[in-house]
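Written below as structure tokens is the structure these notes are about.
Sequence lines set the chain letters: A, B, ... in the order given, protein chains first and strands last, and positions in each chain run from 1.
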Amino acid sequence: MGDQNTVAVYTPPAERPYPGPHWITEKIGSLVLTPHTPIEWIVVFGAVFTGTLVLLFAIVWLLYSGIGIWGVNIPVAWGFAIVNFVWWIGIGHAGTLISAILLLLHQAWRQSINRFAEAMTLFAVTCAGLFPLIHLGRPWFFYWIAPYPNTMGLWPQWRSPLVWDMFAVGTYFTISLVFWYIGLIPDLATFRDRAKHRLTQVVYGMMAMGWRGSAYHWQQYEEAYLLLAGLATPLVVSVHTVVSFDFTIAIIPGWHSTIFPPYFVAGAIYSGFAMVLTLAIPLRKIYRLQEFITMRHLDNMAKLMLATGIIVTYSYIDEAFIAFYSGNPYERYEIVNRLFGLYGWMYWLLVATNLVIPQLMWSSRARKSVAAIFLVALSVDLGMWLERFVIVVVSLHRDFLPSAWNMYYATIWDWATLLGSIALFVTLFLLFFRFFPPISIFEMKKILHKPEVSARA
Amino acid sequence: MEHRRDLPIQWRSLDPKTPDPRAPMPSQLGDVNRREFLSLMAASLALAGVEGCTAPATVPEKIVPYVQAPEDVLPGRPLHFATAMPFAGYGVGLIVKSHEGRPIKVEGNPRHSASLGATDVFAQASILDLYDPDRAKSVTNRGAISTFGAFVSALSPRLEELQSRDGAGLRFLSGRITSPSEGALIDAILRRFPKADWHQYEPVNDDNARAGSRMAFGRYVDSVYHLDRADVIVSLDSDFLYWGPAHLRHTRDFAARRVFNPADGSGRGMNRLYVLESTPTVTGFKADHRISMSPSKIGELTTAIASRLGVAGAPGQELNEQWFEPMMRDLKSHGSSSIVIAGETQPPFVHALVHAINEKLGNTGHTVEYMEPVEMRPVEQFASLRELAQAMQSGQVDTLIMLDVNPSYSAPADLEFSKNLENVKLRVSHSLYYDETAAACHWHVPKHHYLETWGDVRAYDGSVSIVQPLIVPLYETKSSHEFLSIFLGNPTRSNYDLVREFWVGQYKGEEFESFWEQSLQEGVVQNIALSDPLPASLEASPYRARASRPASPLTRGRITSTTAWTYSPPREGETASAASGGGQFRTPQAPPGPGNLDVLFRPDASVYDGSFANNAWLKELQHPLTHLTWDNAVLIGPKTAHDLHANSEDMVDLVVNGRQITGAVWVIPGQPENVVTVHLGWGRKVSGRNGMERGFNAYALRTSDNPWHATGGRIRKRGEKYKLATTRDHHVTEGRHMVRHMTVDDYAKDAGLIQRETHQPKPDQTMYPAYENIDYAWGMSVDLSRCVGCNACIVACQAENNVPTVGKNEVARGREMHWMRIDTYFEGPAAEPDAYFQPMFCQHCETAPCEYVCPVEATTHSAEGINEMTYNRCIGTRYCSNNCPYKVRRFNFFQYAAWDIPSLKLLYNPDVTVRSRGVMEKCTYCIQRINRTRIDALKADRKIQDGEVLTACQQACPANALVFGNLLDENSRVRKLKSEPRNYGVLAEYNTRPRTTYLAALKNPNPEIAGFETAQHNNG
Amino acid sequence: MNEPLYGLLAEFKEPEKLVEVAKSAREKGYRLMDGFSPYPVEGLPEALGSHRTKIPAIALTGGLIGGLGGYFMLYSSAVAFYPINVAGRPLHSWPMFIPITFELTILFSGLFTAMGMLALNGLPMPHHPLFAVPQFSLATDDRFFFCIQANDPLFDGDKCREFLNEFEPVGVYEVDV
């Protein structure tokens, strides 16, 4: 097992064995502590930053003229905004899952990907958090959802899943941030001591909070880190459960379903891993991290994608079955409409991207091809977005009274906001990759030093 | 216990309208929408500057409030004044609510025979015209702003000249005039200018009925129908529930007989309505038997009925339809308690025959009565207008004065009115808006809105109302009295004096003041003037204007000549025009077919003949049958559409006798084959910003010799599409039965069926605690048997609750703001559907799904069980709307309400918040009315009585379909109604416990008629 | 010893040495000492005689505060401070209070854990005497340091230096206060 883990996080080039901790310090430190920025980074950053500005403009225009610029209407009062929200939250799940759950499961191979997976979580949740705010009719009053002493003596309406969302997403973001930062402290100390330039020394020094690697500190540190992992685990499960409550608590056919919580969590992890792969594969190339993010990692994550994908598939089948089994005409019609209605093509595209294409991952040959994995990951990213669209919009556009049915068409502003949020996400991620250790230095050192010991990482 | 019957599929419309989701997402720039809805309320800084909306200062003349208010009519503090709205010349009695001198809401006057407390969409929406910033605001000379003084001084030399030649060459053109005082002025003018002539033209008139009565009686008479006395009603293409000066009365009387009465003689049973029509109408869809047939068939049918009844001189005509014999038996067996009604659009001989039929059936004097025409000068108006047109063509007219008419737009195409108008040297128009006619005139003198003017008007039954102003004229306008008195040489006489003096002259009793005050208070001139002899002056008038003949039934139908309407086979080129008495229906040369379509012209349900073209409320109002807004359409039936390969929203050219218009097709159920219906009043060229360039102008196809029905129409597809904004997207109800219905016979057998099959939960079937309501538990009952789908409630709600309009683009996007809608469900074959109307608005569920998902307590439950919206608290998550199974919540996606248009600020109801962008809104059960009444009750230290609070929709409803009240009061009407076995809640199986419940629709089909037998068979 | 010392710092290449030194130092009776490493060294804290931490207790406290406090907020506001009929649901709809209670439990517990860890470690601490030793910067790279503090009762400069030298350190440095 020990050797496996060594192999897991680091496959040395054939000619030389593991050169020792200093080599890791060098290897990872040099990614950040260098005046030289890879040209790919600059190009991509330029592009996505422009995209971020588009998002900014779309939001300004939205605040100026009202959410009527979007495609939403009655009955489809929730459109892209909520779809994107759920999608981003889902993506956010992989990070915590990798760093927390796999930590508890002693999956040592996680070490080389957990750091940027956690960062990904933060940025995904940031993007997600944006949408519930701007989708309000009167966004400037968003804080009315929060409990705070006010002259009206009013409190939030605790039965509303939107309030639960506020707490769940807020907690999730905070804990993820803490977890991520705690993990960073020793590495920041490493940067502090390795930095040449005074300014960088000071900045990293501040962030390292005077960490000096004392044995006593390490003891508290590991305990706390483990506990945080233990707390994050139920949290990550609860967050998407609560998000799924937004729908299950309602009585709309296609929303009101008890399978949603597990189904959403699985879907979240599904899309999360897809996104991790979508990011990891190009980055390991640009930054030549193949030694750390090995084929073994890609292989494992592909397998996890496959597994969660199967759970999601099951949920789809179950949903349809229960609808018919219920004998409720509205539920039945909802499924029929979802499959063969005016948005049916979206459902079948979803089936293709989310259920069919990922089956490629059964073949170990496909799992050995980086390109194949990358494509599947992209397909799942798209598929999960479609899934949320189908749930939110297609359920709403035909509910109970046919007299109230209507179609929903996204406008250019809906698209600007969606694509803009993706740009924002990548922007934040690139900045992180430029200024923070993308791979946990001390954990790598530890695990590579004594496999038989570090197996208990 | 659960007994299921497999109900026939219900569907909503024939318009599949399946937009292709693959199509690229339309990029709707926000500012386009903004421009759209801003223009609606006609906000324009330029105008806002110009319009000097006078603050209602002290009214110079004394107007008298409606003091003796029946307490069940006046809910609130503001003053209420009785007045009357002239619509197409006839009066509808109104009571207008005035807040701080601003009239803000009209209601019907219960004492007025044409209203009985109800109103229609036009009366409700007329208040918006008063404040319309697009109204003509000052006298214009060839379009340039001028003054009244300038106009008078320009006119007076011309008048002197005219007087010198006894007014030869002077012509007047007006609409229908029933106002005694106006009539008197006109006669005075005609005495001053003996050679002058007076013409009348209403685009929607009753010439055919006129000619018919002339054929039957040798004179003009008006028919008055008593539907409440009728057990069997046969309508021959008559939409008597929606059109005509008595339609409110008709609806009220008709609905009163749509109730289930056990046949134990305890009360007269439910009436039965046969409608034989050539295009779908509101009346047709309320029928127990609706038979659609091509227009020319109606004549045959009438003749058949007549000959079957042995009407002297009626030609032998047989009709072998399986429904005919049973219907005739039904008619005969109900002898004197039946009515046969012919539509205005039917040729004269049909009317003549119908008079005879009613006589034969013994209805005359019981369900049908005849009386002297209410009009001052009954004429056949197309003839009158033709005469004028010819005179203009031959240059005999050098001065034309037009009073509140718009012939340049609405004259039949064949008269080429606009062209002939050019020959007139001096053209003057006096109307509310600067319209096509005004643009073609030298002078335009703007007219008072009826809420700004003194006057008088007669209702369909002759009863007279004094029109009293509610507000000082907002703009530099003149009343028709003031305008007319120019021609009597005294342009400075005040409106008030002119009207009052006329009545001083009329009144023969002592104490004129008390008579005057009483008349103003009650809104009806009490039978004082009526018994009066005709004033000499009027008797002497060449037109024998009847200022004030008794309104009580006059002439029993005496068939004076049986020859006048004797059927003769069609002669070459003869048509059954209103003018010629020639009584036969045309048998079209070629049989009707795709190449030879019957084209029907009908008034539009929302803009009437075009006079409401700038009224945003009416334009955005869903058409009762098509649910279209902001456009008219070329209406064809499904079969015809299939033959022509035309689908809804296809642009087509409709060609009739070389004339053509271009419009979008809309496919409607119940339309007979090869029949095209177009609605008048659209496609205005000169109007306000809401009026112009919407829909197409059907007058362009209309001819004066046959204004309602043209043959030989052809439809050419243009290959373009045109987006029609409908408030209804979906066409089938997927087997869902939101509207429940039974036949009276089934209901008599098994009354509990409805509740069983709708799974109404028992009160104790819940996990939640019962919240006790204190003193009041408000609830509503909607009787689907009574509702005729006339939409009056929708506009009433809009006026009462400051509901904004959003414009075509927004409606097309599914963002209309109406708090209530009327869902129309069809059943049965597309050609002969049964239709059911269902008013749908907030159901005020006791366990409201919208409430528990709101994060900020913006929608909660009141102690009286009302589902309340707190606008200030709403942050606009729209979750409540998503979770509302009835989808009755409305959201302000933009700033729809007009904040900044001065004249519209006067319109708003101060008791209701004007909502801002980003908040949700919905029906509140008119909580402002409840609270106002509660204050009164508390002051008097009593509880609110039943019927003391009327919601706006309920108050407007002519059918009394909506009843609101306190469920805790055992004796309240609403509670009694809810205890009926046919009471059910929509989607009650979800245990939302709606406070608004429905009474299943009852139909009373003739069991002998097979078609319905089978239909009923499916109904179990 | 003319100037006051913070202690003696020995530099090693292998983590195992660190554990060795710690063990025997503790046998010798030294108490105020510490080891420094770029990554946690298994068994070092135990060798130094530190066996358990208070972190779990702190986490539990946080959780309790969050959970109980949260439910109190929900209950008091919904039932006591602002009772209102929402959709006919009971004022005390406890099942619908669970999600928020749960999230608050996690939130507080997590924050307490993180803050507690920093507090117990006395972080943030911008300056520390050890930072003055140039070689110490390798403590975050690949070197392992052992420090016996001067305020240890048994501390005696030369004896300590000899003791540390027994383990063939890379070097032994004096750490000024």
Side-chain angles (χ1 to χ4, degrees), chain A residues 20-22 25 147 153-159 161 163-164 167-168 170-172 174-175 178-179 181-182 185-186 189-190 192-194 205-206 209-225 227-228 231-232 234-235 238 241-242 245 441-443 445-446 449-450 453, chain C residues 15 18 22 34-42 44-45 47-48 50 53-56 59 63 70 73-74 77-78 81-82 86-87 89 93 96-97 99-100 102-104 106-107 109-111 113-114 116-118 120-128 130-131 136-142 145:
Chain A
H22 179 65
T25 316
L154 271 172
W155 290 86
Q157 205 281 98
W158 303 118
R159 297 169 193 78
V163 179
W164 308 348
F167 279 93
T171 304
Y172 188 47
T174 320
I175 296 298
V178 169
F179 194 68
Y181 186 73
I182 297 286
I185 290 176
T190 309
R192 171 198 63 204
D193 296 341
R194 196 179 168 289
M206 295 273 196
M209 298 202 281
W211 181 264
R212 53 188 188 278
S214 147
Y216 296 101
H217 291 189
W218 279 122
Q219 193 184 13
Q220 310 280 11
Y221 180 91
E222 290 202 289
E223 189 72 27
Y225 199 67
L227 269 169
L228 279 175
L231 290 169
L235 179 62
S238 81
T241 304
V242 168
F245 285 164
I441 299 172
F442 80 92
E443 285 189 292
K445 288 177 179 169
K446 174 178 178 184
H449 174 64
K450 276 248 178 79
V453 182
Chain C
L18 215 49
D34 196 351
F36 304 90
S37 55
Y39 52 87
V41 175
E42 290 300 321
L44 185 55
L48 290 167
S50 158
T53 84
K54 294 201 206 66
I55 298 278
M73 171 181 73
L74 299 169
S77 60
F81 303 156
Y82 201 74
V86 171
R89 303 297 195 271
S93 321
M96 302 187 117
F97 293 171
I100 293 177
F102 173 82
E103 299 298 340
L104 286 174
I106 300 282
L107 179 63
S109 180
L111 290 178
T113 311
M117 186 272 284
L118 293 177
L120 291 175
N121 290 348
L123 298 177
M125 182 185 287
H127 178 70
H128 191 280
L130 289 169
F131 291 146
F136 189 72
S137 69
L138 295 176
T140 59
D141 183 358
D142 61 347
F145 294 85

Exercise. Does one side chain, of A:Gln219 or C:Thr53, offer a donor that lies under 3.5 Å from an acceptor on the other?
Worked result: no
Less than 4.5 Å apart, side chain to side chain, heavy atoms only: is that true for [X] and [Y]?
X: C:Ile100; Y: A:Val163; value: yes
X: C:Met73; Y: A:Trp158; value: yes
X: C:Met117; Y: A:Glu223; value: no

Exercise. Which bit of A:Arg194 comes within less than 4.5 Å of chain C, counting heavy atoms only: side chain, backbone, both or neither?
Worked result: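 Answer is neither: A:Arg194 stays 4.5 Å or more from chain C.
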For this session: Heavy-atom distances under 4.5 Å only: say whether A:Thr174 touches chain C with side chain, backbone, both or neither.
Result: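 Contact with chain C involves the side chain of A:Thr174 alone.
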Is it the backbone or the side chain of [X] that comes under 4.5 Å from a heavy atom of chain A, or both, or neither?
X: C:Phe145; answer: neither
X: C:Leu18; answer: neither
X: C:Pro99; answer: side chain

Problem set entry | Residue among C:Ser50, C:Ala59, C:Gly110 with most heavy-atom pairs under 4.5 Å to chain A |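 Ranked by heavy-atom pairs under 4.5 Å with chain A, first place is C:Ser50.
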Exercise. For A:Met206, does the CE atom have more than 12 heavy-atom neighbours from other residues, nucleotides or ligands under 6.0 Å away?
Worked result: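 No, CE of A:Met206 has 12 or fewer neighbouring heavy atoms, counting only those of other groups under 6.0 Å.
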Problem set entry | Which residues share a salt bridge (charged side-chain N to carboxylate O under 4.0 Å, His left out) with A:Arg212, sequence neighbours left out | none
Exercise. What closest approach, in Å, do C:Ile106 and A:Pro234 show between heavy atoms, and which atom pair accounts for it?
Worked result: CD1-CG, 4.0 Å
